[in-house]
Amino acid sequence: MRKLCPNFEKVDGLETVLEVPIPEDMWTSIGNSGSNRWQNLRALMRAQISPDKSPSHLSASSNNEFIALLKLVGCPLIPLQVQSDHTLTRPLKDTSIEASSAKYIVQQYIAATGGVGALDSLKSMYAVGQVRMFGSEMRQGGDSIKPVGRAEVGGFVLWQKNPDLWYFELIVSGFKVSAGSDGKVAWNQSSSQPCHANKGPPRPLRRFFQGLDPRCTANLFIDAVCVGEKTINNEDCFLLKLETAHDILQAQNTSHTEIIRHTVWGYFSQRTGLLVKFEDTKLVRMKPTKGNDSVFWETSMESVIEDYRHVDGINIAHGGKTVAILYRYGMAHNHQRRIEETWRIEEVDFNICGLSVDCFLAPSDLKRERHGVEQVV
């Protein structure tokens with residue numbers, strides 16, 4: 001990952017620190033000389049706001065559609081609030097066999113990732129990684145689909161601080177999306193679209209549960225139920241399931257959308273106790289402006305988690321692959337598209353000195369919007 005940009009005008013000049021580290025593949029693709037790189041960097045920035053509609057990245061029909069796909073795969077949220085500042089425990093007695101089994105499996109996971117003492121010593125986290133994405137067009141019918149075209153390469157940086165504070169930036173092929181939580185509201189924005197606040201209370205980023213935050217993962221599945229066993233990549237696993245309550249989903253509805261269900265699954269290795277696959281499915285009904293016919297969007301995301309390594313006594317996953325399939329049906333629609341993301345973690349560190357609450361402030365345009373709403377009310 002490249003973190004510094006050389007000073008092309010002065011040989012002995014100071015290097016510029018890149019806001020988000022980028023992979024070497026992305027750096028070399030923008031040219032091999034100073035002037036070429038500056039020109040290509042400017043071209044990438046212009047591309048983010050250009051009205052170009054020609055098919056390009058991830059088989060998207062426009063730049064805005066590409067950014068929407070980046071948000072869908074790169075920075076989605078899970079449906080539930082999760083305790084982030086200490087590890088939760090639940091009694092095993094007076095519960096069903098499925099619930100008590102799940103709690104026992106979570107206890108084994110906590111032990112495999114470092115133990116309660118090590119996990120509760122974490123106050124903040126920082127991670128840098130790179131991604132490689134492929135995508136397909138939105139296609140008619142229910143046949144299997146495969147991504148086509150070239151890979152889109154990018155990098156991300158993630159900051160987290162207890163409780164409920166996090167900030168995430170992702171740059172892919174010159175396009176940037178960001179998301180965060182200031183402890184009161186979760187939001188997302190892009191380089192060409194204004195900041196958007198997510199409905200409901202602040203929720204964690206899905207990427208935390210791809211092997212990056214064992215404490216949040218344990219707290220999420222502590223109230224799950226064990227629904228069976230399954231083999232993932234030749235690894236026998238326990239399958240834990242978590243349904244989102246109706247009242248929680250209602251709080252996340254908007255004037256145009258209704259969330260019908262959002263289900264989360266975790267696959268925990270029987271051999272190591274580690275989480276090897278994280279999966280969730282979300283079904284949304286688009287409320288019709290006229291008539292009673294509705295269009296439904298269903299998003300299914302599966303993340304296979306690999307390459308666990310110990311960092312300061314915490315077992316963290318350093319690689320994996322996410323496959324997202326987007327279905328659209330209703331009103332004679334029957335379409336689907338597939339997006340794949342392979343990621344690798346380059347750096348992880350904990351208990352970052354000097355990481356203050358100010359680092360997680362919401363964007364100013366979001367504040368003005370909220371202030372405007374308060375004035376109207």
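Under the 6.0 Å cut-off for aromatic ring centres, Tyr126 and Trp159 qualify, their centroids lying closer than that. You'll find the ring centres of Phe268 and Phe238 outside the 6.0 Å limit.
Counting only heavy atoms from C-beta outward, the side chains of Leu158 and Tyr167 never approach each other to under 4.5 Å. Residues Leu212 and Phe209 fail the side-chain proximity criterion, which asks for heavy atoms closer than 4.5 Å. Looking at Asn198 and Leu77, their side chains come closer than 4.5 Å, going by heavy atoms from C-beta outward. Ser190 is not listed as a side-chain neighbour of Phe175, based on a closest heavy-atom distance of 4.5 Å or more. When side chains are defined from C-beta on, Asp358 does not count as touching Phe360, because their heavy atoms never get closer than 4.5 Å. Side-chain contact check for Leu205 versus Ile78: every heavy-atom pair is 4.5 Å or farther apart. Looking at Trp343 and Ser303, their side chains come closer than 4.5 Å, going by heavy atoms from C-beta outward. Residues Arg206 and Met301 have side chains in contact (heavy-atom distance under 4.5 Å, counting atoms from C-beta outward).
Transitive grouping of hydrophobic side chains (ILVMFWY, heavy atoms separated by less than 4.5 Å) keeps Leu242 and Leu239 in distinct clusters. Linking Ile, Leu, Val, Met, Phe, Trp and Tyr whenever their side-chain heavy atoms come within less than 4.5 Å leaves Tyr329 and Ile259 in two separate clusters. Cluster annotation: Leu220 and Val304 are assigned to distinct hydrophobic clusters (Ile/Leu/Val/Met/Phe/Trp/Tyr, side-chain heavy-atom contacts under 4.5 Å, transitive). Ile232 and Val227 end up in the same hydrophobic cluster when Ile, Leu, Val, Met, Phe, Trp and Tyr side chains are linked at under 4.5 Å. Both Phe156 and Ile316 are part of a single hydrophobic cluster, where members link through side-chain heavy atoms under 4.5 Å apart.
Salt-bridge annotation for Asp236 and Arg271: absent, with no side-chain N of the basic residue lying under 4.0 Å from a carboxylate O of the acidic one. A salt bridge does not link Glu341 to Lys321: none of the charged side-chain nitrogens sits closer than 4.0 Å to a carboxylate oxygen. Between Glu298 and Arg285 there is no salt bridge, since none of the side-chain N atoms of the basic residue sits less than 4.0 Å from a carboxylate O of the acidic one. Taking the charged nitrogens against the carboxylate oxygens, Lys176 and Glu169 do have a contact shorter than 4.0 Å, which makes a salt bridge. Between Asp280 and Lys282 there is no salt bridge, since no side-chain N of the basic residue sits under 4.0 Å from a carboxylate O of the acidic one.
Expressed to the nearest 0.5 Å, how far CZ of Arg203 lies from CD1 of Ile248 amounts to 10.0 Å. With values rounded to the nearest 0.5 angstrom, Asn219 atom CG is found 3.5 Å from Leu88 atom CG. Atom NZ of Lys241 and atom CD of Glu243 lie 4.5 Å apart (nearest 0.5 Å). Within the model, atoms CH2 of Trp187 and OG of Ser178 stand 4.5 Å from one another, a figure rounded to the nearest 0.5 Å. Taking CD1 of Ile222 as the start and CD1 of Ile110 as the end, the distance is 6.0 Å to the nearest 0.5 Å. Of the inter-residue distances, the one linking Phe278 atom CZ with Thr322 atom OG1 reads 10.0 Å to the nearest 0.5 angstrom.
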Derivation of the side chain to side chain donor-acceptor pair (under 3.5 Å) call for Gln270 and Glu229: CA-CA 9 Å; Gln270 297 180 12; Glu229 303 177 22; 3.1 Å; yes
Please walk me through it: do Lys71 and Asn188 pass side chain to side chain donor-acceptor pair (under 3.5 Å)? CA-CA 8 Å; Lys71 290 182 179 181; Asn188 67 74; 3.1 Å; yes
Determine, stepwise, if the pair Arg337 / Glu137 fulfils salt bridge (Lys or Arg N to Asp or Glu O under 4.0 Å). CA-CA 6 Å; Arg337 81 185 309 158; Glu137 298 176 344; over 6 Å; no
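With hydrogens and angles disregarded, a donor-acceptor distance shorter than 3.5 Å links the side chain of Lys287 to the backbone of Thr254. With hydrogens and angles ignored, the 3.5 Å screen pairs a side-chain donor or acceptor of Gln252 with a backbone N or O of Pro79. Judged by distance alone, with hydrogens and angles left aside, the side-chain atoms of Asp182 form a donor-acceptor pair with the main-chain N or O of Val185 at under 3.5 Å. Not a single donor-acceptor pair under 3.5 Å links the side chain of Lys230 to the backbone N or O of Cys237. No donor-acceptor pair closer than 3.5 Å links the side chain of Ser101 to the backbone N or O of Glu98. Looking at Ser181, its side chain does come within 3.5 Å of a backbone N or O of Asp164 through a donor-acceptor pair. Asp120 places a side-chain N or O within donor-acceptor distance of the main-chain N or O of Thr87, the cut-off being under 3.5 Å. Between the side chain of His86 and the backbone N or O of Ser84, no donor-acceptor pair lies under 3.5 Å. Side-chain atoms of Lys103 never come within 3.5 Å of backbone atoms of Arg90 as a donor-acceptor pair (strictly under, hydrogens ignored). Put simply, the side chain of Ser100 gets close to the backbone of Ser96: a donor and an acceptor are under 3.5 Å apart.
For the pair Arg215 and Phe208, the NZ or CZ position fails the cation-pi test of under 6.0 Å to the six-membered ring centre and within 45 degrees of the ring normal.
Side-chain contact of Asp85 with Gln83: a donor-acceptor pair under 3.5 Å is present, judged by distance alone. For the residue pair Gln160 and Asn162, a side-chain donor N or O sits within less than 3.5 Å of a side-chain acceptor on the partner.
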